[in-house]
Q: 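Structure in structure tokens, see below.
Order of appearance sets the numbers: ligands from 1, and atoms from 1 within every ligand.
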Amino acid sequence: MIRLLEKHVADKIAAGEVVDRPVSVVKELVENSIDAGADIITVEIRKGGRTYIRVSDNGCGIPSDEVLTAFKRHATSKISKVKDLDSITTLGFRGEALASIAAVSRVQLITKTKDASIGTKTEIDGSQTADVSPVGCDDGTTIIVRDLFYNTPARLKFMKSDSTEAGMIIDFMSQIALCYPDIRIRVINNETMLFSTQGKGDRLNAIATIYGRVIAKALIPCEHEDGNCRISGFVSNTGESRNSRKNQIFFVNGRVVSSKVMDRAVKTAYQERLFQGRFPIAFLFLEVPAETLDVNIHPNKREVRFDNERAVEAFTVDAIRKALSTMNAAPEVSHEKIFRFDQKIKEQKEKKHTTSEKKEVVVNIPPAEEEKQINVKELLSSLRTETKAAEEPVEMVKQIYRPFDFTDLTVKGTVFDTYIIGQDGENMYLIDQHAAHERVFYEKFSRAFQDQEKSRQIILAPFLVEIPASVTDDAFLDYLSEAGFTLEEFGNRTYRITEIPYFMDLSEAETFLKDFIGSIGSESDFHSQKIRDELAKKACKAAIKGNMHLSDEEIISLFRELSGCENPYSCPHGRPTYIRMSKTQIERMFKRV
Ligand code: ADP
Ligand code: MG
């Protein structure tokens, strides 16, 4: 027999589509608060949101006579005509959230509009509406959701642990806080304040509050615009990295997304700037024309599809590279880090003295700094001690947009025959001449392969190289010839080198070949770009002389060559070519400031 479902059954079924776990309740309520024009939103949860979720805002409020309508399915103040559907500017518009939430929990609503002299209060228990009564309260709306899914045990079974559910809510709220730096967002978990943003529109401050000051300090601004596309946000300088992609958060047109295109762009932009297996931090906000973006490919809208993926990727790469070529991108030596490192060594030493066994103590160089993830436990314990600090403004290094150019530096000398000291305004730089030289050499070497007309130089006294018997394939000959070497067969697995690439000197060429030949095995596939790159990187490293005193002219010419490089900021293996220390930092170390 076909029959219409009873209202409360239909409501529960429909609710499942909108509300599947505590975080979706928080999402709907917070989006309503944003739509209501609030600039202060407080979210409080207990037991992962299962027993208690409160969202309070100072938005427009709901007029007393509309309170009950708001809980009806398809009740919305946001659209009224079909035509409105094409111009939605609010986050909600379906009019389903409140009805759905009320169907599967016990809801209490307190609200007041600015014009009303008194507020309104109502309670709804599994869609059963109670009376509306007047109440004294501030302007805005508070919705408290208790005992979520108490009447849908099947759904309750799907709940993860309280800390996992809370983690999802905190992640979501963190993203909202980043997306809306103008709104003061407070998040309270089990009666502990997790974070409270300032709401003054400063995104970096919001990042510092949520992700910690250590991360915020490592960030440099990333701003780029091209036609209809715009990107803003922050990426980490090359001195900072993490062991996972967890601290890469992308927003496209105001929504958090997971996007392979953006992942790839970040990876490409940092290529050779970071060691393999390390990931930069990135908070990027991309704006593209709405019609070039499909947000409906995934039910939770986290995945998006761009019409022109390549263009978006290239645009993002450009934006990040531009940021990385500014003065701020130089890895900084902070005295906090040096202090922490000293401290660690001291602690290790003390440990060594107190242990009776004579074990060798390994001094672990601490990672660039501690990882900070949005993890409830960690957050809770760290924020207990840090909440106060987090509310202070971050002491950020003044952002300098001027692109960094090595030729702007005044050379002040060298130390250890390895590090060049350069100065530019209020900053001191240490340039690793070995890493710098390696970078220059590597780029020239890579370019040599692309040159149709090889620039070779004839050497006066040709030298011989011997190929080990293990090398059975002579494909390496083509590779060397492409690089600009001329080899003549000399019999008995020996070759005579008569010409070398123009940019190498004789000793560089000799060491290069020696190392190259030593590293090729019978299995080396010289057509694989990866293997070619690996060989080039290895051989370049070997070709560079160790400690060597450079004259001022040589330094200047090295700087000039470095400036001409595509990526002058790190050696081919990802080590930085230079580090920066500001005058203020030095003064701080001497306790002058
Ligand atoms: P939608 O957001 O799709 O319109 P909801 O069920 O989420 O549907 O909310 C229904 C209506 O209740 C909204 O259109 C709005 O008028 C009102 N409302 C809900 N939450 C708030 C709030 N925090 N402040 C003011 N009005 C609200
Ligand atoms: Mg809504």
Side-chain angles (χ1 to χ4, degrees), residues 7 10-20 22-45 53-116 118-124 126-127 129 132 135 137-145 148 172-173 176 179-180 183-187 199 254-255 295-296 299-301:
K7 183 182 172 298
D11 280 353
K12 275 200 224 171
I13 294 170
E17 288 164 23
V18 182
V19 182
D20 60 349
V23 68
S24 33
V25 173
V26 173
K27 176 177 181 291
E28 293 297 337
L29 297 183
V30 168
E31 288 186 349
N32 279 347
S33 298
I34 296 171
D35 284 345
D39 59 14
I40 303 177
I41 301 175
T42 303
V43 172
E44 180 177 357
I45 55 167
I53 296 174
R54 170 173 72 92
V55 176
S56 302
D57 66 54
N58 65 345
C60 63
I62 305 173
S64 164
D65 56 345
E66 290 181 13
V67 160
L68 291 182
T69 321
F71 284 93
K72 298 225 164 80
R73 197 160 297 283
H74 309 302
T76 178
S77 57
K78 297 166 194 174
I79 50 172
S80 57
K81 304 176 281 294
V82 172
K83 153 161 150 306
D84 292 348
L85 272 170
D86 295 330
S87 53
I88 294 164
T89 53
T90 51
L91 295 167
F93 57 87
R94 292 188 177 84
E96 273 182 315
L98 289 188
S100 297
I101 295 167
V104 291
S105 65
R106 303 180 218 272
V107 175
Q108 185 179 21
L109 168 96
I110 297 166
T111 185
K112 179 182 165 308
T113 60
K114 284 193 181 57
D115 305 336
I118 193 151
T120 312
K121 179 178 160 182
T122 189
E123 271 166 39
I124 300 172
S127 298
T129 321
V132 171
V135 69
C137 63
D138 287 337
D139 293 349
T141 304
T142 288
I143 296 187
I144 298 172
V145 176
L148 184 62
F172 171 74
M173 288 313 297
I176 285 285
C179 218
Y180 297 91
I183 302 180
R184 174 158 199 181
I185 308 253
R186 272 182 286 207
V187 179
R255 276 178 210 281
V295 290
N296 272 326
N300 67 12
K301 298 195 177 66

Q: For atom 25 (C) of ligand 1, state which one of Ala97, Ala36, Gly37, Pro63 supplies the nearest heavy atom.
A: Ala36
Q: Any nitrogen or oxygen of Glu28 lying under 3.5 Å from a nitrogen or oxygen in ligand 1? Just yes or no.
A: no
Q: Which ligand 1 atoms, with their elements, are less than 4.0 angstrom from a heavy-atom of Gly61?
A: 25 (C)
Q: Please confirm whether Asp35 comes under 4.0 Å of ligand 1, counting heavy atoms of the residue only.
A: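 Outside the 4.0 Å threshold, so no.
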Q: Rounded at 0.5 Å granularity, tell me how far CG in Leu109 sits from OG1 in Thr141.
A: 6.5 Å
Q: Among residues at least two apart in sequence or on other chains, which ones pass side-chain contact (heavy atoms from CB on, under 4.5 Å) with Ala70?
A: Ile62, Leu98
Q: Polar-atom distance check: Cys60 versus ligand 1, any N or O pair below 3.5 Å?
A: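 No, no N or O pair falls under 3.5 Å.
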Q: Any idea which part of Thr111 is under 4.0 Å from ligand 1, heavy-atom wise: side chain, backbone, both or neither?
A: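 Thr111 to ligand 1: no contact under 4.0 Å from either part.
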Q: Counting each atom of ligand 1 from 1 as listed, which ones have a heavy atom of Glu96 under 4.0 Å away?
A: 6 (O), 8 (O)
Q: Below the 3.5 angstrom mark, is there an N/O of Leu98, backbone or side chain, next to an N/O of ligand 1?
A: yes
Q: State the atoms of ligand 1, each with its element, that fall below the 4.0 Å cut-off from a heavy-atom position in Ala70.
A: 10 (C), 12 (O)
Q: Which atom pair, heavy atoms only, marks the closest approach of Ser33 to Asp57?
A: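 Where Ser33 meets Asp57 most closely, the heavy atoms are OG-OD2, 2.7 Å.
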Q: In Å and rounded to the nearest 0.5 Å, what is the OG to CG distance from Ser24 to Leu148?
A: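 Answer rounded to 0.5 Å: 8.0 Å.
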Q: Please report the C-alpha distance between Asn58 and Asp138 in whole Å, then the side-chain angles of each, then the deciding distance to 0.1 Å, and finally whether the side-chain contact (heavy atoms from CB on, under 4.5 Å) criterion is met.
A: CA-CA 8 Å; Asn58 65 345; Asp138 287 337; over 6 Å; no
Q: Can you tell which of Leu29, Val104, Val19 makes a side-chain contact (heavy atoms from CB on, under 4.5 Å) with Val145?
A: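 In the set Leu29, Val104, Val19, the residue that makes a side-chain contact (heavy atoms from CB on, under 4.5 Å) with Val145 is Leu29.
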Q: Considering only heavy atoms, which of Leu29, Ile101, Asn32 lies nearest to atom 19 (C) of ligand 1?
A: Asn32
Q: Which residue pairs satisfy the salt bridge (charged side-chain N to carboxylate O under 4.0 Å, His left out) criterion with at least one member in residues 99-113, sequence neighbours excluded?
A: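 For residues 99-113, and leaving out neighbouring residues, the salt bridge (charged side-chain N to carboxylate O under 4.0 Å, His left out) pairs sorted by first residue read Arg106-Asp125, Arg106-Asp147, Lys112-Asp139.
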